[in-house]
Undergrad: 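Sharing a structure here in C-alpha cells format.
The basis for the numbers below is simple: all heavy atoms, side chains too, and nothing from hydrogens, waters or symmetry mates. Numbers here are sequence positions counted from 1.
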Amino acid sequence: MAYTPQSAVRAELARAKVNLALHITGQRSDGFHLLDSLAVFPQIGDRIAIEPSDTLKLIVDGPFARDLEGGTENNLVLKSLNGFAESAGIVVPKVKITLTKRLPVASGIGGGSSDAATTLRLLEDITGHYLAEDELHKLATSLGADVPVCLEPEPQFMRGIGEDLSPGPGLPACGIVLVNPKIGVETPAVFKALEHRKNPPLPKAPAEFDDLAALTGYLVSSRNDLQVPALSVCPEIADVLTALDADSRVVFARMSGSGATCFGLCENADTRAIEMDLRSAHPNWWVASGPLR
C-alpha cells in the first residue's frame, strides 16, 4: 500500500529519559530484572526530522554522531522505519531522516530508545497511518525495553521489566542539569556488579508534587539501586555527583538509569548558570540543562 505525505517536514525533540528513582525489585527466571521506576522527560534531547524524499536516506549528525556503533545501517531509527512499514502494511516510505545526536551514547538516559519512539510518532504523522495503541506498543517493545515508555514523553511509572506503564505524578516548575563524564557504561556490566536484586518498591507518590521541595522530599525516600554497582564499573560517576552536591543551588542529585549520566534538580532561575559553571570547571564533561517538564 502506498502512503500520502501529510506534511513537508516533521521534526521533534527526542527527549532524554531520566530515572529520578529506580528500584530493582527482583529477577525473573529468564534473567530479566524487575524494576519500579519514576521516569521523566525534560526538555533536553536529540532531534529527529523526517521529510519526503526521492530515496530513503538517514543522516546522522551532531556532537555524538561518531559514537553510534555500526554507523547508519544498524541504527534503531531505521529499524523503527522498517518495523512501522510492516505493521502499517505499507511500503517502506522514501523519506529523509535526520538524527541530530546531542545525547551521549550508553549514558543511562534512553537516547536510542527515545530516538526510536520519536521516529514512530513522526512516521504516523507524515504517512497518515496511525497504528492501534496495542499494535504500536507491541512494535515499540520489539525495538527495545525502554522504547514503549518513550512513546509518551510524560512522567510515568515503569514496573515489571519496563512494560507495565502508568501515569506518573504532576511535576513542579523546576530545572534539571544533566552531567556525563563522557564515559560509556554498558548496562550488563552494571547488573553483573549488582549484589542485591530483590529490594523494596518505590514508596507511594502523591498525584502531584506542588513544589521542588515536595519532589525532592519524595526522592530522598527512594533510591537508584544501580548507582552503587555503576560506581564500581565507572568510578568517575562519583566525581560528577560530588560536583553536583557541592553546588548549593542543586537541591538534589542522583545517577539516572544504569549511568553514567547524573542529574541535579534546581530552581528554574539557576539552571543555565549551573550548566555554564560546570562546563567551565569540567570542560571534558557533557553538560546540558533545561526545564524538568
Undergrad: I need the Lys192 NZ to Ser232 OG distance, nearest 0.5 Å.
TA: 11.0 Å
Undergrad: Would you say Asp36 and Thr25 are linked by a side-chain donor-acceptor pair, where the criterion is simply a distance under 3.5 Å?
TA: no
Undergrad: Please assess Leu35 against Met158 for the test side chain to side chain contact (heavy atoms under 4.5 Å, CB included), listing each intermediate value before the final yes or no.
TA: CA-CA 7 Å; Leu35 57 86; Met158 303 173 62; 3.8 Å; yes
Undergrad: Between Ile59 and Ile97, is the side chain to side chain contact (heavy atoms under 4.5 Å, CB included) condition met? List the steps.
TA: CA-CA 6 Å; Ile59 297 174; Ile97 305 177; over 6 Å; no
Undergrad: Parallel, tilted or perpendicular, judged at 30° and 60°: which one describes the rings of Phe64 and Trp286?
TA: perpendicular
Undergrad: With the side chain counted from C-beta on, respond yes when Lys94 and Thr55 share a heavy-atom pair under 4.5 Å apart, and no when they do not.
TA: no
Undergrad: In sequence, state the C-alpha distance, the side-chain angles, and the governing distance for Asp115 and Lys101, and then conclude on salt bridge (charged side-chain N to carboxylate O under 4.0 Å, His left out).
TA: CA-CA 9 Å; Asp115 293 342; Lys101 194 66 186 166; 3.1 Å; yes
Undergrad: Quick one: does any side-chain atom of Arg279 pair with a main-chain N or O of Val287 as donor and acceptor, under 3.5 Å?
TA: yes
Undergrad: Hey, does Leu58 have a side-chain heavy atom less than 4.5 Å from the side chain of Asn75?
TA: yes
Undergrad: Could you measure the distance from the CG atom of Leu151 to the NE2 atom of His137? Nearest 0.5 Å is fine.
TA: 7.5 Å
Undergrad: What I'd like to find out is whether the side chain of Tyr130 reaches to under 4.5 Å of the side chain of Asp125, using heavy atoms alone.
TA: yes
Undergrad: Taking all non-hydrogen atoms of both residues into account, name the closest pair between Gly111 and Leu103 and its distance.
TA: CA-CD1, 4.0 Å
Undergrad: Give the minimum heavy-atom separation between Ile183 and Cys234, together with the two atoms involved.
TA: CG2-SG, 3.9 Å
Undergrad: Do any pairs count as a side-chain hydrogen bond (donor to acceptor under 3.5 Å, both in side chains) and have a residue in residues 162-181, sequence neighbours left out, and if so which ones?
TA: Arg159-Ser166, Asn180-Thr261
Undergrad: Treating Ile, Leu, Val, Met, Phe, Trp and Tyr as nodes and any side-chain heavy-atom pair under 4.5 angstrom as an edge, say whether Val149 and Val18 lie in one connected cluster.
TA: no
Undergrad: Could you check whether any side-chain N or O of Tyr218 sits under 3.5 Å from a backbone N or O of Pro206, counting only pairs where one atom can act as donor and the other as acceptor?
TA: no
Undergrad: Can you confirm whether the side chains of Arg254 and Ser222 place a donor and an acceptor under 3.5 Å from each other?
TA: yes
Undergrad: Which residue pairs satisfy the side-chain hydrogen bond (donor to acceptor under 3.5 Å, both in side chains) criterion with at least one member in residues 237-247, sequence neighbours excluded?
TA: Asp247-Arg249
Undergrad: Only pairs at least two apart or in different chains count here, so list each ring-ring contact (aromatic ring centres under 6.0 Å, His included) that has a residue in residues 227-270.
TA: none
Undergrad: Evaluate the side chain to side chain contact (heavy atoms under 4.5 Å, CB included) criterion for residues Thr141 and Lys138: first the C-alpha distance (whole Å), next the side-chain angles of each, then the deciding distance (0.1 Å), finally the verdict.
TA: CA-CA 5 Å; Thr141 301; Lys138 181 180 178 181; 5.8 Å; no
Undergrad: So, do Lys96 and Ile50 sit near enough that their side-chain heavy atoms are less than 4.5 Å apart?
TA: no
Undergrad: Is a salt bridge present between Glu275 and Arg272, judged by a nitrogen-to-oxygen distance below 4.0 Å?
TA: yes
Undergrad: Backbone N or O of Ser256 within a donor-acceptor pair of the Asn19 side chain at under 3.5 Å?
TA: no
Undergrad: If you round to the nearest 0.5 Å, how far is CG of Leu241 from CD of Glu236?
TA: 12.0 Å
Undergrad: Give a yes or no on whether Ile90 and Val77 share a hydrophobic cluster (residues Ile, Leu, Val, Met, Phe, Trp, Tyr; joining criterion: side-chain heavy atoms under 4.5 Å apart).
TA: yes
Undergrad: Under the side chain to side chain contact (heavy atoms under 4.5 Å, CB included) criterion, do Glu124 and Phe84 qualify, and how do the steps go?
TA: CA-CA 9 Å; Glu124 286 191 321; Phe84 175 81; 3.6 Å; yes
Undergrad: For the residue pair Arg15 and Arg293, what are the closest heavy atoms and their distance?
TA: NH1-C, 4.4 Å
Undergrad: Would you say Val240 and Leu226 are hydrophobically clustered, going by side-chain heavy atoms of ILVMFWY under 4.5 Å?
TA: no
Undergrad: For residues Leu76 and Leu120: do they belong to one hydrophobic cluster (side chain heavy atoms under 4.5 Å, members Ile, Leu, Val, Met, Phe, Trp, Tyr)?
TA: yes
Undergrad: Please tell me if the side chains of Thr98 and Asp61 come closer than 4.5 Å, counting only heavy atoms from C-beta onward.
TA: yes
Undergrad: Once rounded to the nearest 0.5 Å, what's the spacing between atom CG of Leu244 and atom CG of Leu178?
TA: 9.5 Å
Undergrad: Minimum heavy-atom separation for Val185 to Gly259, with atom names?
TA: CB-O, 3.8 Å
Undergrad: Measuring from atom CG of Leu292 to atom CG of Leu265, what distance do you get when rounded to the nearest 0.5 angstrom?
TA: 6.0 Å
Undergrad: Is the number of heavy atoms from other residues, nucleotides or ligands within 6.0 Å of CD (Glu152) greater than 12?
TA: no
Undergrad: Check this for me, if you would: do Arg10 and Glu51 make a salt bridge, where the nitrogen-to-carboxylate-oxygen distance has to be below 4.0 angstrom?
TA: no
Undergrad: Check whether any side-chain heavy atom of Leu194 lies under 4.5 Å from a side-chain heavy atom of Val228, and answer yes or no.
TA: no
Undergrad: Report yes if the side chains of Lys17 and Phe41 come closer than 4.5 Å at any heavy-atom pair, otherwise no.
TA: yes
Undergrad: Given the rule that I, L, V, M, F, W and Y join up when any side-chain heavy atoms are under 4.5 Å apart, are Ile161 and Leu202 in one cluster?
TA: no
Undergrad: Mind listing the closest non-hydrogen atom pair of Ser280 and Pro283 along with its distance?
TA: O-CD, 3.8 Å
Undergrad: Output yes when a side-chain donor or acceptor of Gln27 lies under 3.5 Å from a complementary backbone atom of Arg197, and no otherwise.
TA: no
Undergrad: Taking all non-hydrogen atoms of both residues into account, name the closest pair between Cys174 and Leu212 and its distance.
TA: SG-CD1, 3.9 Å
Undergrad: Just so I know, are the side chains of Lys182 and Asn284 near enough to count as touching, which here means a heavy-atom distance under 4.5 Å?
TA: no
Undergrad: How long is the straight-line distance from CG of Leu22 back to CG of Asn224, given to the nearest 0.5 Å?
TA: 4.5 Å
Undergrad: Would you find a donor on one side and an acceptor on the other, under 3.5 Å apart, between the side chain of Ser37 and the backbone of Ala21?
TA: yes
Undergrad: Side chains of Ser80 and Thr119: is there a donor and an acceptor less than 3.5 Å apart?
TA: no
